[in-house]
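Okay, structure first, notes after.
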There are 2 protein chains.
Amino acid sequence: MGRKHIKPGKVRLTEVAALAGVSPITVSRFFRNPDTVSAGRRLRIESAAKDLGYVPNLAARALASQRTEVIGVLIPSLTNNVFSDVLRGIYDAFEGSRYSIQLANTRYSVLQEERLLRLFLMQKPAGLIVTGVDQTAEGRALVQAADCPVVQIMELGPEPIDMMIGFSHVDACYAAISHLLAQGCRRIGFLGARMDPRVQRRLQGYQNAMKNAGLFDPRLIVTTAVPTSTTMGGNLFSDLMLRAPDIDAVFCANDDLALGVLFECQRRHIAVPEQIAIVGFNDMEFMAAAVPTLTSVRTNRYEMGLRAATMIMDDVEGRPVTGRVVDLGFEVIERQSSTLQRAALTGPVQADRASGTKW
Amino acid sequence: MGRKHIKPGKVRLTEVAALAGVSPITVSRFFRNPDTVSAGRRLRIESAAKDLGYVPNLAARALASQRTEVIGVLIPSLTNNVFSDVLRGIYDAFEGSRYSIQLANTRYSVLQEERLLRLFLMQKPAGLIVTGVDQTAEGRALVQAADCPVVQIMELGPEPIDMMIGFSHVDACYAAISHLLAQGCRRIGFLGARMDPRVQRRLQGYQNAMKNAGLFDPRLIVTTAVPTSTTMGGNLFSDLMLRAPDIDAVFCANDDLALGVLFECQRRHIAVPEQIAIVGFNDMEFMAAAVPTLTSVRTNRYEMGLRAATMIMDDVEGRPVTGRVVDLGFEVIERQSSTLQRAALTGPVQADRASGTKW
DNA sequence: AGCGATATTGACAGCGCTATCACACGGTTG
DNA sequence: CAACCGTGTGATAGCGCTGTCAATATCGCT
């Protein structure tokens with residue numbers, strides 16, 4: 001035999017329907033689309049539901065309707081606060097909507113990502129947001145088979161699974177290096193941590209720029225697989241100084257590293273930018289507050305999350321998504337740490353000069 | 001009539017059972033607890049499932065079993081990176097388990113929190129992790145009625161809903177101020193942003209300490225409802241300097257603020273710690289890298305997340321939870337920015353001296 | 001060999017909701 | 001006035017899985 005007794009206190013659609021004097025299916029309609037129910041019944045159902053404290057059962061709904069309102073989000077790290085901005089955009093966009101977010105952490109592993117993808121797909125998500133373009137072939141296939149809208153975020157690539165929003169890390173870094181070259185820097189170091197695919201592409205941009213300028217020197221590149229941190233910035237910079245004491249600028253693949261470099265320069269009494277210019281990447285909030293203020297490449301992380309979420313919702317709800325591949329661009333925010341003409345290093349904080357090229 | 005045709009490609013338990021030559025319920029058992037199925041069938045089912053590409057339907061499972069494996073997590077902010085450490089602990093603990101996490105953002109609003117709680121409860125979560133002790137009465141009632149394990153994190157309070165893990169913000173701040181007093185500071189400012197309940201309690205600790213020392217002066221307190229940021233640290237410090245130019249130390253309710261204060265001191269050529277000592281709160285990574293290294297109150301955020309998650313799992317799975325209220329304590333990490341006897345401010349970074357009182 | 005105890009397996013009846021079709025009703029239209 | 005339409009409502013039959021209990025197979029022991 002199946003279940004024995006029904007708990008007395010349990011409130012289902014049926015109970016609400018009985019109290020309101022309508023059929024269960026009408027109550028179901030009321031909750032999904034109130035307009036399709038006549039005004040009189042609408043009121044009766046509403047008060048009946050409130051009286052009984054009815055709460056819809058999502059599992060039953062998902063089973064009967066063969067779909068859910070869960071959006072899966074896969075990001076590589078919870079520590080790297082680049083992603084907290086993206087997440088904030090995503091959460092803000094879904095705020096108040098009927099969708100809920102399931103977040104998972106791939107820890108920068110494509111295998112982990114594939115496993116999580118598989119896990120998500122068990123829930124028949126309404127949509128998926130994944131980071132980057134380096135999914136495994138199997139992962140891509142899985143997602144494509146699931147046929148729900150998918151947005152790849154953070155960067156752009158040649159073959160979108162479905163939709164895509166990001167910017168070119170190669171170009172962004174190229175622009176940052178070009179800015180340093182324009183300031184007259186010639187021996188520009190590259191510091192990178194973690195070396196995930198996006199940092200790799202920034203390194204590529206650095207190499208392109210340096211080679212084009214005929215200034216490439218592999219000794220100027222110092223990287224580590226260890227995650228980024230301020231302390232690591234100081235360490236990598238120390239390594240760089242050992243290898244190439246003649247550097248006149250440092251590009252850091254993350255702002256954390258740039259802050260660490262700044263502190264290490266203070267410790268070594270190296271004048272920034274006079275002796276060494278510093279440029280970071282991401283334009284975190286603290287960059288504008290540092291002394292000297294630190295140049296960085298602004299990336300539109302919040303907007304990226306917001307728009308990715310909007311694209312998903314539009315697609316799920318059948319609205320046309322204009323532009324399924326969106327380039328959000330970036331902007332080199334030139335500040336004191338890389339502006340050699342100016343030397344008022346200890347003056348008051350100055351407003352961002354978004355004078356850099358907007359891409 | 002109900003549904004018409006079954007999609008031909010669809011794979012259910014039944015299809016796997018047919019191919020493996022067993023009953024559907026045996027396949028169900030295999031997926032939930034392989035050990036209860038004999039070895040022979042186990043192999044047949046395993047290969048049948050793989051051949052057919054079977055993927056369990058979680059909605060059906062949830063409906064039939066009347067429970068889910070979703071853990072709801074409510075945090076007030078995605079921006080404040082205090083929470084990213086807690087989250088990392090939570091995600092790490094659930095990693096590889098059968099539970100999945102549903103994360104929501106209350107934006108420091110108890111009403112929003114109540115709404116989200118209601119939303120979560122529709123899914124009959126296996127457990128709930130909520131931030132702080134200031135839920136609405138209705139929110140508490142809802143959660144208690146849901147009867148799933150609940151852990152309140154981040155702080156301690158008199159009436160736990162169920163389980164609780166955190167530390168006393170009042171005591172932590174009291175200890176930090178005591179440290180400054182021990183260093184000979186007398187005019188100690190308090191800077192606070194956002195002023196959420198936990199920052200309020202830190203302020204309380206500050207007041208207690210200052211009053212006990214007979215040094216309390218309301219003009220030394222500068223706060224804002226605006227969220228914390230490095231720039232805001234500089235601004236608040238500037239305000240404080242206007243109000244009380246004779247301060248000899250600043251306690252910052254967040255490390256971001258402390259970093260901003262440090263930069264503002266650099267801008268104003270104020271020597272730290274000789275002229276003004278700085279103490280932060282949370283001991284973020286960059287505090288140990290700054291010049292001078294910045295004193296802070298270490299809070300065990302990662303461990304808090306990890307243990308909260310473990311407590312939930314233990315409780316769900318019927319293991320006894322030893323200590324349903326856990327005080328994780330804190331530690332004042334004394335660094336250069338508040339150590340007045342020592343003045344080697346620009347020497348190499350030194351290892352953390354966890355010489356502070358451990359609570 | 002015979003017994004109860006234990007491990008495996010299966011049959012059945014739902015879990016609470018929604019897709020689908022059917023139908024009643026009032027208002028048009030030719 | 002019949003044929004037609006659109007709107008609101010209801011009856012029915014599942015969605016794919018698991019809780020419960022019963023049945024059978026296997027085992028250790030006297």
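Note that the structure is a prediction, hence the values are computed from the model and not measured. Protein chains get the first letters and strands the later ones, always in sequence-line order, with residue 1 at the start of each.
Rounded to 10°, the angle separating the first-five-pair axis and the last-five-pair axis of the helix from C/dA1-D/dT30 to C/dG30-D/dC1 equals 30°.
Within 4.0 Å (heavy atoms only), A/Phe31 reaches no atom of the nucleic acid at all. Residue contacts shown for B/Tyr54 are limited to sugar-phosphate atoms, with no base heavy atom under 4.0 Å away. Counting any heavy atom pair closer than 4.0 Å across all strands shown, B/Pro24 reaches no nucleic acid atom. Contact annotation for A/Arg67: backbone-only contact, meaning every heavy-atom pair under 4.0 Å involves sugar-phosphate atoms and none involves a base.
The nearest whole Å value for the distance from the CE atom in A/Met122 to the P atom in D/dG16 is 14 Å. When the P atom of D/dT18 is taken as reference, atom CG of A/Leu63 falls 11 Å away, rounded to whole Å. Atom CD in B/Gln123 sits roughly 16 Å away from atom C1' in C/dC17 (whole-Å rounding).
Proximity of A/Val37 to A/Val22: side-chain heavy atoms (C-beta onward) are nowhere separated by under 4.5 Å. Proximity of A/Glu317 to A/Ser97: side-chain heavy atoms (C-beta onward) are nowhere separated by under 4.5 Å. In this structure, the side chains of A/Val86 and A/Ile75 stay at 4.5 Å or more apart for every pair of heavy atoms.
Interatomic distance, B/Thr68 OG1 to B/Gln123 CD, rounded to the nearest 0.5 Å: 7.0 Å.
For the pair A/Arg118 and A/Glu114, the salt-bridge criterion is met [side-chain N within less than 4.0 Å of a carboxylate O].
Remark: B/Arg61 is not in phosphate contact with D/dG19, judged by side-chain N or O atoms under 4.0 Å from OP1 or OP2. Between B/Arg12 and D/dG16 there is a side-chain polar atom (N or O) within less than 4.0 angstrom of OP1 or OP2. Put simply, B/Gln66 has no side-chain N or O that comes within less than 4.0 Å of OP1 or OP2 on D/dC17.
A donor-acceptor pair under 3.5 Å links the side-chain atoms of A/Asn300 to the main chain of A/Leu328, judged by distance alone. Here the side chain of B/Gln135 pairs a donor or acceptor atom with the backbone of B/Gly132 at under 3.5 angstrom.
The one candidate from A/Ile312, A/Val151, A/Leu103, A/Ile90 that meets the side-chain contact (heavy atoms from CB on, under 4.5 Å) condition with A/Ile71 is A/Ile312.
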List, with names and distances, any nitrogen or oxygen atoms from the protein found under 3.5 Å away from nitrogen or oxygen atoms belonging to nucleotides 5-9 of chain C.
unit_1	atom_1	unit_2	atom_2	d
C/dT9	OP1	B/Ser38	OG	2.4
C/dT9	OP1	B/Arg41	NE	2.4
C/dT9	OP2	B/Ser38	N	2.9
C/dT9	O3'	B/Arg41	NH1	3.1

